[in-house]
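Numbers for residues simply follow the sequence, beginning at 1.
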Amino acid sequence: MRPSLQSGFSRIAEALGDPAREAMVSALAEGKAMPAGELAAVAGLSPQGASAHLQKLVDASVLSVLAQGRFRYYRIADDDVAALVESLVNLATRAGARSRRRAPVAGELRQSRSCYCHLAGRLGVLLSDTLISRKFVLIAGREGEVTRKGLHWCEAERIAFNPSSPPHFRLCNDWTERVPHFSGAFPKAVLARLMETHCLEPRQIPRALRLTRKGRAFFERLGVDVPF
C-alpha cells in the first residue's frame with residue numbers, strides 16, 4: 001500500500017474511531033446540517049470540547065462546514081462518506097452479532113428510513129428493484145444512470161432531477177436488508193419529492209419514515225406492491 005493512501009485511511013479511521021465523533025456523525029446521517037451546539041449536546045460534550053472533535057472530522061473530509069452568520073453548520077461531506085458510514089454500521093452490526101445476541105431492529109426503521117437524503121430499508125430496496133425491472137435505470141458495477149424512460153417518469157411525477165454527468169446513483173449496502181438500495185443525486189431527488197408531497201413523513205424514531213396514503217398511491221403507480 002502506498003504511504004499516502006495508508007495515511008489517508010488512518011486519518012479517516014481515527015476520525016471515526018471515537019464514541020463522541022461517532023455520535024455526531026450518526027446524528028448527521030439523515031443528510032441535514034446541524035450547528036456545533038446541537039452536535040455537542042448529541043455527543044454529551046461542552047461546546048468547547050466538541051469543537052476539536054468537529055475539526056478533526058472536517059480535516060479528515062468526513063464532514064463539511066458552512067459558516068452562516070455567527071453559526072457554523074456541519075453535514076456529512078458527500079455521498080461517498082454517507083455510503084461509508086452505512087457500510088460501517090452494517091459491519092459493526094454483523095460483528096456484534098458474533099459476540100452477543102443482536103438487539104432487534106425497530107420495525108419502523110427496517111420498513112422505511114432515510115439514509116443521508118435517500119430512501120433505505122425494505123421500501124428503499126423495493127423502489128430500487130422496481131426502477132431496475134422497469135428499465136428506468138441502468139447499472140454498471142456499483143454505479144448507474146437514469147434512462148430516457150426513467151427521465152420521463154421523473155417528469156410525470158415532478159421529481160426535480162437534473163441529469164448531469166453520470167453516475168446518477170450508486171449502490172449502497174442496506175444494513176437491515178443486506179442488499180443494496182440506491183444513493184446519490186437521483187435517489188435524493190426522489191426522496192425529496194416524496195417528503196415534499198407528504199408521501200413519506202417522519203416518525204418519532206430518528207430516520208424512520210411513515211408511508212402515507214398518498215405514498216401508497218405513488219408506489220402503486222410505479223407498480224410496487226408494498227407488503228406493509
Side-chain angles (χ1 to χ4, degrees), residues 29-33 64 75-87 89-90 107-203 207-228:
E30 294 180 57
K32 59 187 177 183
S64 60
R75 67 182 307 158
I76 290 178
D78 54 35
D79 288 330
D80 290 334
V81 175
L84 172 63
V85 171
E86 185 82 351
S87 295
V89 170
N90 185 11
E108 291 88 347
L109 279 174
R110 184 181 293 279
Q111 285 183 1
S112 179
R113 67 182 183 278
S114 62
C115 174
Y116 186 62
C117 293
H118 57 263
L119 185 60
R122 292 177 67 191
L123 192 58
V125 171
L126 283 171
L127 173 64
S128 300
D129 288 347
T130 303
L131 292 172
I132 294 170
S133 67
R134 296 199 61 179
K135 296 182 170 53
F136 287 175
V137 298
L138 290 175
I139 297 177
R142 295 191 64 81
E143 298 178 342
E145 58 183 283
V146 181
T147 64
R148 186 180 300 274
K149 189 176 179 182
L151 291 176
H152 289 159
W153 173 71
C154 288
E155 291 175 6
E157 292 292 349
R158 298 184 180 181
I159 295 168
F161 171 61
N162 180 21
S164 57
S165 59
H168 298 151
F169 63 91
R170 295 181 174 83
L171 299 184
C172 179
N173 290 329
D174 195 289
W175 68 275
T176 58
E177 303 310 296
R178 302 291 190 265
V179 291
H181 58 249
F182 293 166
S183 68
F186 171 53
K188 276 187 186 180
V190 175
L191 180 58
R193 180 61 178 166
L194 290 171
M195 299 298 290
E196 172 190 306
T197 56
H198 301 284
C199 290
L200 290 170
E201 295 180 341
R203 293 181 182 269
R207 297 177 61 189
L209 299 172
R210 182 178 69 86
L211 182 65
T212 66
R213 182 176 299 177
K214 290 182 68 175
R216 290 187 182 278
F218 173 91
F219 282 96
E220 284 175 5
R221 289 195 300 273
L222 185 57
V224 179
D225 181 18
V226 180
F228 50 83

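- Listed for the H152 side chain is no donor-acceptor partner under 3.5 Å among the backbone atoms of K149.
- Panel note: side chain R122, backbone E177; no donor-acceptor pair is recorded below 3.5 Å.
- Under 4.0 Å is where a charged nitrogen must lie from a carboxylate oxygen, and between E108 and R210 no such pair does.
- In terms of heavy atoms, I76 sits closest to S64 at O-OG, 4.2 Å.
- Within the 4.5 Å cutoff, side-chain heavy atoms of I139 are placed close to those of F169.
- In terms of heavy-atom proximity, R134 sits nearest to L222 at NH1-O, 2.9 Å.
- For the atom pair R216 CZ and F228 CZ, the distance stands at 7.5 Å (nearest 0.5 Å).
- Under the 3.5 Å distance criterion, the side-chain polar atoms of T212 are matched with a main-chain donor or acceptor of G215.
- Nearest heavy-atom pair, T176 versus R110, reported as atom, atom and distance to 0.1 Å: O-NH1, 3.1 Å.
- In this structure, E145 and V137 have side chains that are not in contact, with every pair of non-hydrogen atoms separated by 4.5 Å or more.
- Within the 4.5 Å cutoff, the side chain of F186 has heavy atoms near those of the C154 side chain.
- Annotation: side chain of L191 is not in contact with side chain of E196 (no heavy-atom distance under 4.5 Å).
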For a side chain to side chain contact (heavy atoms under 4.5 Å, CB included) check, start with the C-alpha distance between R170 and E143, then their side-chain angles and the critical distance, and finish with the verdict. CA-CA 4 Å; R170 295 181 174 83; E143 298 178 342; 3.7 Å; yes
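- Here the straight-line distance linking atom SG of C199 with atom CZ of R193 works out to 7.5 Å at 0.5 Å rounding.
- Under the 4.5 Å side-chain criterion, counting only non-hydrogen atoms from C-beta, V146 is not in contact with L138.
- Side-chain contact check for M195 versus L209: some heavy-atom pair is nearer than 4.5 Å.
- With hydrogens and angles disregarded, a donor-acceptor distance shorter than 3.5 Å links the side chain of K214 to the backbone of T197.
- A distance of 11.5 Å separates SG of C172 from CG of L119, quoted to the nearest 0.5 Å.
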Just list the side-chain donor-acceptor pairs under 3.5 Å for residues 124-133, sequence neighbours left out, or say none.
{"from": "S128", "atom 1": "OG", "to": "G124", "atom 2": "O", "distance (Å)": "3.0"}
{"from": "S128", "atom 1": "OG", "to": "F182", "atom 2": "N", "distance (Å)": "3.2"}
{"from": "T130", "atom 1": "OG1", "to": "L126", "atom 2": "O", "distance (Å)": "2.8"}
{"from": "S133", "atom 1": "OG", "to": "D129", "atom 2": "O", "distance (Å)": "3.4"}
{"from": "S133", "atom 1": "OG", "to": "T130", "atom 2": "O", "distance (Å)": "3.0"}

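- L151 has its side chain within reach of P163: a pair of non-hydrogen atoms, C-beta onward, lies under 4.5 Å apart.
- Counting only distance, with no hydrogens or angles, the side chain of S112 and the backbone of L123 share no donor-acceptor pair below 3.5 Å.
- Considering only heavy atoms from C-beta on, V190 comes within 4.5 Å of W153 through its side chain.
- Here the shortest heavy-atom pairing between H118 and G184 reads ND1-N, 4.3 Å.
- Note on D174 versus R113: salt bridge recorded, some NZ/NE/NH1/NH2 to OD/OE distance being below 4.0 Å.
- Between the side chain of H168 and the main chain of S164, a donor-acceptor pair closer than 3.5 Å is present.
- Nearest heavy atoms, C115 versus H181: SG-NE2, 4.0 Å.
- Here the shortest heavy-atom pairing between C117 and R75 reads SG-NH2, 4.5 Å.
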